[in-house]
Amino acid sequence: MPELPEVEVAARSLAHWARGRRVRAVTVTDRRTLDGDKPASVLALVGTRMNGVERIGKNLLLTFGAAKRAPAAKTNVGVWSHLGMTGKWLRRPPADPPPRFARVRLDLVGAPTLYFVDMRLFGFFRVVPGADFARFPVLAALGPDPLREGIDPGRLAERLRRSRLPIKVAIMDQALIPGVGNIQASEGLQRAGIDPRRPARSLDSAELSRLARGLLASFRYTLRAFERAGALPPAVGGKTTAPSADVEYVEETGTHNPFRVYDRAGERCRRCRRGTITRIVQAGRSTYFCDSCQR
DNA sequence: ACCCGTGTTCGCTG
DNA sequence: TCAGCGAACACGGG
């Protein structure tokens, strides 16, 4: 599932479901999800209160407040969670059987139980003492989050000045634009009318501006698709209406493909109505683009 | 059986 | 030294 829009849904859901709630228990049902940490590391969460959820790119950063009996030792505890390829957060009544592929169970006081579910185990749930997320180099290196801070074309120009990588591969670097994944990269380039094979450093400033706008438009469009599917709780800090999908924030938007080029090889281009969507492989991943209007 | 996959990291190579 | 590539991770679906 997860690129920026899906992780944004997860972040809003977690905030809506758990912010202000106290943790009753944490159960790890597959220790591989801890990525080498000891199973006992999650005990630091028990008795704390979930204070906030932040999303940077595809990363979920949860902050839990001090334990009940030790307010003086105002030690926060963090959780860095990444959904990998198949991760998601679900909410279930405490007495229900756990969902298939549940890896971590989070029991809350006075609220339904939350599950981190991840079939392929590329995702993780890592406890971060002191909520000191910045000590992880990959987190410290993340670029500004596009949804909150926009995408600055001038910054793209500077960072891509010497890159010979194909532009599609270059924009998937999380230190450049966090949250861009294999789908959003193709979608953003199609909206911008740019050939994904172009060397990154060959794009001029007008093209980089179009690319920045195209990526943002695709992020927002995908979020709207989730909203229409009833899967999107209100923005963090926004009004608190309950999400209409009460138990699971999103299972699928149906069999409908909401994208303009992704997985549409052979179809007519929706942008120019002349070209044909073509699939190529770049850096081992599928890329889709219009053979006519992306130059 | 075989290939594919919305992500990331690591090791090898030129 | 380093950018760039392929493999590896794990497991279900077509």
Side-chain angles (χ1 to χ4, degrees), chain A residues 1-11 29-36 55-60 80-89 99-103 116-126 136-143 146-147 159-190 196-202 215 218-223 225-226 229 231 249-266 279-289:
Chain A
M1 298 228 354
E3 292 184 37
L4 184 148
E6 293 88 340
V7 183
E8 174 68 11
V9 171
T29 51
D30 192 315
R31 61 179 297 167
R32 288 174 293 181
T33 294
L34 300 183
D35 235 28
R55 180 195 53 73
I56 306 179
K58 306 169 193 172
N59 298 276
L60 289 168
W80 173 20
S81 182
H82 196 292
L83 303 183
M85 288 280 261
T86 54
K88 55 187 172 181
W89 280 90
R100 195 152 181 233
F101 306 118
R103 310 301 187 187
F116 178 60
V117 176
D118 183 20
M119 179 185 76
R120 282 174 75 182
L121 289 164
F122 289 172
F124 56 81
F125 177 100
R126 187 176 295 158
F136 295 95
V138 295
L139 287 180
L142 290 176
L147 232 46
R159 309 214 22 157
L160 296 176
R161 201 170 35 193
R162 289 187 305 279
S163 173
R164 300 166 187 272
L165 281 176
I167 185 63
K168 188 266 190 169
V169 178
I171 57 177
M172 289 174 61
D173 177 357
Q174 302 299 292
L176 187 67
I177 314 171
V180 177
N182 198 45
I183 293 179
Q184 298 294 330
S186 283
E187 296 294 304
L189 285 161
Q190 190 252 13
R197 299 166 293 190
R198 295 259 309 274
R201 62 182 187 177
S202 75
L215 285 166
S218 181
F219 286 147
R220 295 188 177 127
Y221 177 87
T222 308
L223 271 171
F226 286 129
Y249 60 81
V250 56
E251 255 326 31
E252 239 326 303
T253 52
T255 52
H256 173 67
N257 174 356
F259 302 113
R260 300 197 176 179
V261 286
Y262 185 80
D263 204 19
R264 293 193 183 278
R279 175 186 180 273
I280 60 174
V281 174
Q282 296 180 290
R285 320 284 309 269
S286 294
T287 301
Y288 298 87
F289 69 105

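The sequence lines fix the lettering, A, B, ..., with proteins before strands; numbering per chain opens at 1.
C:dA10 and B:dG11: their P atoms are spaced 16 Å apart (whole Å). C:dG4 and B:dT6 have their C1' atoms separated by 23 Å, with the value rounded to a whole Å. One P atom belongs to C:dT1, the other to B:dT9, and the distance between them is 23 Å to the nearest Å.
To the nearest angstrom, C1' of B:dT6 lies 7 Å from CZ of A:Phe259. Atom CG of A:Leu83 is separated from atom C1' of B:dT8 by 13 Å (rounded to the nearest Å). With rounding to whole Å, A:Asn59 atom CG is found 11 Å from B:dG7 atom C1'. A straight line from CD1 of A:Ile280 to P of B:dC4 spans 15 Å, rounded to a whole angstrom. A:Asp118 places its CG atom 13 Å from the P atom of B:dG7, with the value rounded to the nearest Å. Rounded to a whole Å, the CZ atom of A:Arg162 is 16 Å from the C1' atom of C:dG4. For A:Arg285 and C:dG4, the CZ to P distance is 18 Å, given to the nearest whole Å. Following rounding to the nearest Å, A:Gln282 (CD) and B:dG7 (P) show an atom-to-atom distance of 14 Å.
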Side-chain donor-acceptor pairs under 3.5 Å in residues 119-126 of chain A, sequence neighbours left out?
unit_1	atom_1	unit_2	atom_2	d
A:Arg126	NH2	A:Asp35	OD2	2.4

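The CD1 atom of A:Ile280 lies 13.5 Å from the CZ atom of A:Arg285; values are rounded to the nearest 0.5 Å. Rounding to the nearest 0.5 Å places CG of A:Leu165 at 10.5 Å from CG of A:Leu176. Rounded to the nearest 0.5 angstrom, A:Ile56 CD1 and A:Leu147 CG are separated by 12.5 Å. Note that CG of A:Leu189 is 14.0 Å distant from CZ of A:Arg260, once rounded to the nearest 0.5 Å. To the nearest 0.5 angstrom, A:Glu6 atom CD is 11.0 Å from A:Glu8 atom CD.
Of all non-hydrogen atoms in A:Val261 and A:Ser186, the two that sit nearest each other are CG2-O, 3.8 Å.
Taking A:Arg279 as the reference, A:Ser286 meet the side-chain hydrogen bond (donor to acceptor under 3.5 Å, both in side chains) condition, with sequence neighbours excluded. Scanning for side-chain hydrogen bond (donor to acceptor under 3.5 Å, both in side chains) contacts around A:Ser202 gives A:Arg198, with sequence neighbours left out. Taking the side-chain hydrogen bond (donor to acceptor under 3.5 Å, both in side chains) definition, one finds that A:Thr222 meets it with A:Gln184, sequence neighbours left out. Partners of A:Arg32 according to the side-chain hydrogen bond (donor to acceptor under 3.5 Å, both in side chains) rule, which considers only residues two or more places apart in sequence or in another chain, are A:Asp30. With sequence neighbours left out, A:Arg197 forms a salt bridge (Lys or Arg N to Asp or Glu O under 4.0 Å) with A:Asp195. With sequence neighbours left out, A:Tyr221 forms a ring-ring contact (aromatic ring centres under 6.0 Å, His included) with no residue at all.
Taking a 4.0 Å limit (strictly below) on heavy-atom distances, residues 171-183 of chain A reaches DNA chain B at A:Gln174, A:Gly181, A:Asn182, A:Ile183.
Using a 4.5 Å heavy-atom cutoff, the side chains of A:Asp118 and A:Phe101 are not in contact.
Residue A:Lys58 places at least one side-chain N or O closer than 4.0 Å to OP1 or OP2 of B:dG7. Applying the 4.0 Å criterion to OP1 and OP2 of B:dG7, one finds that A:His82 has every side-chain N and O outside that range. Regarding contacts with the backbone of B:dG7, every side-chain N or O of A:Thr86 stays at 4.0 angstrom or more from both OP1 and OP2.
Of the candidates B:dG5, B:dG7, B:dT6, B:dG5 carries the atom nearest the A:Arg279 side chain, counting heavy atoms from C-beta on.
Among residue pairs with one or both ends in residues 165-177 of chain A, those qualifying as side chain to side chain donor-acceptor pair (under 3.5 Å) are A:Lys168-A:Asn182, A:Lys168-A:Thr287; sequence neighbours excluded.
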(message) Could you write out DNA chain C as dot-bracket? Rules: Watson-Crick or G-U wobble, both distances under 3.5 Å, brackets [ ] for crossings, | for pairs with another strand, dot for unpaired.
(response) .||||||||.||||
(message) Counting primed atoms plus P, OP1 and OP2 as sugar-phosphate and everything else as base, spell out the protein contacts along nucleotides 5-14 of chain C at 4.0 Å heavy-atom distance: B, S or - for each nucleotide, 5' to 3'.
(response) S---BBBS--
(request) Encode nucleotides 9-14 of chain B as B, S and - characters from 5' to 3', where the letter depends on protein heavy atoms closer than 4.0 Å: B to the base, S only to sugar-phosphate, - to neither. (result) S-----
